[in-house]
Amino acid sequence: MDKAKREKFLKQLMGHVSGAALSGMIYVGDQVGLFKAMAGAGGLTSAEVATKAGLQERYVREWLSAMAAAGIVEYDAGSERFTFPEEHAALLADDNSPSFLGGLVQSTIVMLRAAPRVAESFVHGGGVPFVEYGKEHVAAIDRGNRPQYQFHLVKRWLPAMPDVVERLEAGAEAADIGCGSGYPSILMAQAFPNSRFYGFDVSEESLDRARTDAHSKGVADRVEFQRVSATELPETRKFAFISSFDAIHDMVDPRGALRGIRRALADDGVYMMVEPRSGDTLSENLNGQGALMYSMSTLHCMTVSLAHGGEGIGTAIGQNKVQELADQAGFSRVRRLPIEHLAQAFYELRP
Ligand SMILES: C[S@@+](CC[C@H](N)C(=O)[O-])C[C@H]1O[C@@H](n2cnc3c(N)ncnc32)[C@H](O)[C@@H]1O
């Protein structure tokens, strides 16, 4: 046995275990408001943090120790004070920052809760249905994605398709498939007051959130959220623009979904498909991002599809797979849009 190799792997494995435990601690800190309490407050003792957050000092002290050991907060041994640097606060204390990762951490914890059920599925088949991940899952997906949409959808992503922007400005009908909590449709309705938007999803929990949000933002007269599967989109209505964000790879029947989208798209329409940024082969994904994708796929994306006897396409959906789905659905042009993003890839599909 190569001892050095074993030692190296031991360190690597301990790093993974520590990361998992820390994710739990970050989740707790986020849930009880510790990051928000510390943001911009300078150096604080554990007692001051506890008072500021209205929490039990002993718990807070242990949590701070873990955060300091992991380099998430800074510790000054002389004054026994903890500081949460503003560069870190943007990622964990500010839900409205474009780099906020609190939603991703929350999603990860929600997915980990399903691990025992997923393990059973390895043995007996099937999977864990989306609805069984519960309300918090829907909220966490929304929370994780919302800042991206808020900062980039209208300003950076749509302008990659100038004819789409022109048509939405003039007035058109558009649909978002697998709309979840509906924020992209709401943002587009705010940006393009001459257009009408439809959000389709199969999750009642998500649709309820979407409708409430559209009302509160004053756009409910031009945004409609309906419980319709991508495979059963209305054939009578032809949309000038269709989008889907992080949704197709989760579906029971992704090929049927793309066929449904093709049928519902006007012949001169555009479909923007946003899916995880992935290589086409396992060899291309042998890195940290690949580890996250395949893990999330197993703990959620693939299993929610397999739960209903679906294809279980998985999170690592590369450009070749997108091309294959597009070809099968009858799209004749597929273009990878020149949008830089760490985790997502953007495709423009035309009939
Ligand atoms: C990961 S979530 C993404 C939600 C939203 N697009 C976002 O970016 O926040 C995937 C969504 O696809 C929806 N979905 C799954 N199968 C569907 C289908 N056949 N038709 C429509 N929506 C579906 C799920 O209910 C879920 O809301």
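The first residue of the sequence shown is numbered 1, and numbering continues consecutively from there. Both counts, for ligands and for their atoms, begin at 1 and track the order of listing. Quick caveat, the model's predicted, so the values are computed rather than measured.
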### Query
Looking only at N/O atoms, are I141 and ligand 1 under 3.5 Å apart anywhere?
no
### Query
How close does the nearest protein non-hydrogen atom get to atom 19 (N) of ligand 1, and which residue and atom is it?
S229 OG, 3.0 Å
### Query
What's the shortest distance from atom 16 (N) of ligand 1 to any protein heavy atom, and which residue and atom give it?
M251 CG, 3.4 Å
### Query
Using the benzene-type ring in the case of Trp, are the ring centres of F241 and Y271 under 6.0 Å apart?
no
### Task
Report the nearest protein non-hydrogen atom to atom 4 (C) of ligand 1: residue, atom name, distance rounded to 0.1 Å.
G178 O, 3.5 Å
### Task
Spell out, as yes or no, whether a donor-acceptor pair under 3.5 Å connects the side chain of T315 to the backbone of M296.
no
### Query
Looking at atom 9 (O) of ligand 1, what's its closest protein heavy atom, distance included?
N145 ND2, 3.0 Å
### Residue portion contacting ligand 1 (non-hydrogen atoms closer than 4.0 Å) for Y149
side chain
### Task
Report yes or no: does a heavy atom of C179 sit under 4.0 Å from some atom of ligand 1?
yes
### Single hit among I248, I242, D246 for side chain to side chain contact (heavy atoms under 4.5 Å, CB included) with M273
I248
### Message
Could you identify the single nearest non-hydrogen protein atom to atom 27 (O) of ligand 1 and state the distance to 0.1 Å?
### Response
D201 OD2, 2.7 Å
### Message
Using a 4.0 Å heavy-atom cut-off, which part of S244 comes near ligand 1: side chain, backbone, both, or neither?
### Response
neither
